[in-house]
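One structure below.
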Protein chains: 2
Amino acid sequence: MKASDRATLGRTPMFRDVPPEICDRLAIGAFVQTLPKGALLFEQGGEAEFLHVLLEGRCGLVGARSDGEECVVEIMHAGSAFILPAILLEAPYLMSARVLETSRIAMIPAGPLRRALDQEPHLMRAAAFDLARYWRILVQQIKDLKLRSAHERVAAHLSTMCRQTAAGPAVLNLDQEFRSIAAKLGMTPESWSRSIRQLETVGVRSAGRRIEIEDVARLRAFAGVDGLQ
Amino acid sequence: MKASDRATLGRTPMFRDVPPEICDRLAIGAFVQTLPKGALLFEQGGEAEFLHVLLEGRCGLVGARSDGEECVVEIMHAGSAFILPAILLEAPYLMSARVLETSRIAMIPAGPLRRALDQEPHLMRAAAFDLARYWRILVQQIKDLKLRSAHERVAAHLSTMCRQTAAGPAVLNLDQEFRSIAAKLGMTPESWSRSIRQLETVGVRSAGRRIEIEDVARLRAFAGVDGLQ
DNA sequence: CATCTGCCTTGACCTAGATCAACCGTCTGG
DNA sequence: CCAGACGGTTGATCTAGGTCAAGGCAGATG
């Protein structure tokens, strides 16, 4: 593992508060993979052999049915560690992971990680906090699916995309494929397209990947955002 | 806290593997509440002041929109601890909790718990494992919502209700209100009713709260259960 | 015993969003 | 330069499941 990768790892939410010497120890046993778009990182039902830390790029966690139907459960961005629960519980993966755009991924072997977790309270603490953060993200997503319409989910997504802006105008440059965003939001690309259209009524103007928002507060109000996310 | 409650607490998944003396310390600062059906345990957006451990009964975790619309995210059964993430992160509740049937709940103050977590690796470890288990439950639920139809979710629910039976016939006696189950499964009571009806085609016979299943394996196949839950 | 209230079921209807199909830019490789 | 391939848009249609309204039934209450 290169020094620059080691540094990136140390800035990750999961490892940020872990003493450097523990990180170093884990980094020694780890390696970094660069994978192209479309690569399958691991498969639902498989044994968890590595903690994956996304240094750069984007990956999708997708659930599959027995009949081959798939859905995107979550999209991981640079800095995210997955899939810790499977490692802790020594349980098979609940989802597959697919690379959405060329990614650099640190692979930390499960065995040494489990041992380090048991020996280093700091690391276990970091793991617990990381899990707690993800728990909230998942809960938020369930709330989204259960009590927001597709239009509202799109509005909520856009407004979290510009979370630094409290109110007033904003401009977004969406770099993800629309199909991935749509899948994450639990809708088809067609519906995403129509929703973007629909949002013109609350001051959202779109031109390709560039999206102009007249007033973020207005968009938030439409989405029914509760300030908890 | 009564001795019997203390014993129940010690059999909980969260506290099972925690050394008794640590449990005792927490139990001293804790108290037990008995609440009737309908009581509001805590409210979305509020500050997390207690870890709640459900000793007996059932509670629903419900998310709310700003306009008052609500949805059930999860139903907690006896033995479950909630809501740990809010306590760890000192973040406001993402959901409200409502008592679904008369419940006894151990209330463990957040401050002492946080301190104990930081001092006792065993406790932090137990917390991490508990969070990991819940993470998987939530992921499973998202997969359910995104790639199963209402009928299939009902089938899946029934088949997990009789998870001790691998195949062959089974009889269930559902003691929860149907409306709660329906809400948890993300559908209306009417749809639940119709789904139960529909499942007659795969050998499910229902009479009030008693449900007979001709062949659990057949039901599982219909639900597309993947053996991971 | 009669009434009421809450839970469940059933039927008729409606709508959000999926599906299917055609089409349009843009980018890539020959 | 042209031919695909790919990602996105748009329109037409279909359907799962929500909504609304009307009972039915059982347990609580007078």
Side-chain angles (χ1 to χ4, degrees), chain A residues 36-38 58 60 65 67-72 100-102 144-157 172-201 204-211 222-224, chain B residues 36-38 58 60 65 67 69-72 98 100-102 144-157 172-201 204-211 222-224:
Chain A
K37 175 175 169 177
R58 254 189 286 258
R65 297 173 43 118
D67 63 10
E69 195 66 17
E70 286 194 348
C71 77
V72 174
L100 298 179
E101 45 189 78
T102 309
D144 258 35
L145 289 171
K146 281 189 168 171
L147 43 79
R148 284 216 257 247
S149 70
H151 292 334
E152 290 168 333
R153 290 202 295 279
V154 171
H157 181 77
L172 288 175
N173 250 303
L174 301 181
D175 57 335
Q176 295 182 67
E177 288 183 4
F178 289 175
R179 57 167 54 187
S180 300
I181 306 179
K184 153 74 202 303
L185 296 179
M187 65 183 77
T188 58
E190 292 95 322
S191 289
W192 159 272
S193 204
R194 284 187 250 268
S195 288
I196 289 290
R197 248 319 156 76
Q198 169 69 23
L199 290 180
E200 281 179 7
T201 61
V204 173
R205 203 156 309 283
S206 83
R209 321 205 73 83
R210 179 187 161 86
I211 293 184
F222 174 84
Chain B
K37 176 175 169 177
R58 254 188 287 259
R65 294 173 47 115
D67 63 10
E69 196 66 17
E70 286 194 347
C71 78
V72 174
R98 181 157 296 129
L100 298 179
E101 46 189 77
T102 309
D144 258 34
L145 289 171
K146 281 191 169 170
L147 44 78
R148 285 216 257 247
S149 70
H151 292 333
E152 289 168 334
R153 290 202 296 278
V154 171
H157 181 77
L172 289 174
N173 249 303
L174 301 181
D175 57 336
Q176 294 182 68
E177 287 184 3
F178 288 176
R179 56 168 52 188
S180 301
I181 306 179
K184 154 74 203 306
L185 296 179
M187 66 183 77
T188 59
E190 292 95 322
S191 289
W192 158 271
S193 205
R194 285 187 250 267
S195 287
I196 289 289
R197 248 318 155 78
Q198 169 70 22
L199 290 180
E200 281 179 9
T201 61
V204 174
R205 204 156 308 283
S206 83
R209 321 205 72 84
R210 181 187 160 87
I211 292 183
F222 174 84

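All chains are named by letter (A, B, ...) in the order of the sequence lines, taking the proteins before the strands, and each is independently numbered beginning at 1.
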Check step by step if side-chain contact (heavy atoms from CB on, under 4.5 Å) holds for B:Arg153 and B:Leu145.
-> CA-CA 8 Å; B:Arg153 290 202 296 278; B:Leu145 289 171; 4.2 Å; yes
Would you mind telling me which residue lines up with the more 5' stretch of DNA chain C, A:Ser149 or B:Arg179, judged by nearest nucleotide?
-> B:Arg179
Backbone of A:Ala155 reached by a side-chain donor or acceptor of A:Arg148 within 3.5 Å | no
Between CD of B:Glu177 and C1' of C:dG6 the distance, given in whole Å, is 9 Å
Rounded interatomic separation in angstrom, taking CD1 from B:Ile181 and P from C:dT9 = 10 Å
Mind checking whether A:Phe222 and A:Leu199 have side chains closer than 4.5 Å, heavy atoms only?
-> yes
D:dG18 P sits how many Å from B:Leu145 CG, rounded?
-> 11 Å
Over how many whole Å does the gap from A:Asp175 atom CG to D:dG7 atom P extend?
-> 15 Å
Does A:Lys37 make a side-chain N or O approach to OP1 or OP2 of D:dC6 shorter than 4.0 Å?
-> no
Separation of D:dG18 atom P from B:Trp192 atom CH2, nearest Å, is 14 Å
Identify whether any heavy atom of B:Arg153 sits under 4.0 Å from a base atom; if not, whether one sits that close to sugar-phosphate; answer base, sugar-phosphate or nothing.
-> nothing
Are B:Leu100 and B:Glu177 close enough that some pair of their side-chain heavy atoms sits under 4.5 Å apart?
-> no
Report yes or no: is there a donor-acceptor pair, N or O only, under 3.5 Å between the side chain of B:Glu190 and the base of D:dC20?
-> yes
Kindly say if B:Arg197 contacts the phosphate of C:dT10, meaning a side-chain N or O under 4.0 Å from OP1 or OP2.
-> yes
Between C:dA18 (P) and A:Glu69 (CD): distance, integer Å | 12 Å
Residue-phosphate contact under 4.0 Å: B:Arg209 side-chain N/O, C:dC8 OP1/OP2 | yes
Between D:dT10, D:dG8, D:dG18, which one does the side chain of B:Met187 approach most closely?
-> D:dG18
OP1 or OP2 of C:dA18 sitting under 4.0 Å from any side-chain N/O of A:Ser191?
-> yes
Would you say A:Lys146's side chain and B:Lys184's backbone share a donor-acceptor pair under 3.5 angstrom?
-> yes
Atom pair distance, as rounded to whole Å: CG in B:Leu147 and P in D:dA16 | 17 Å
Does the base of D:dG11 carry an N or O that pairs as donor and acceptor with the side chain of A:Arg194 under 3.5 Å?
-> yes
In whole angstroms, the gap separating P of C:dT15 from CD of A:Glu152 amounts to 17 Å
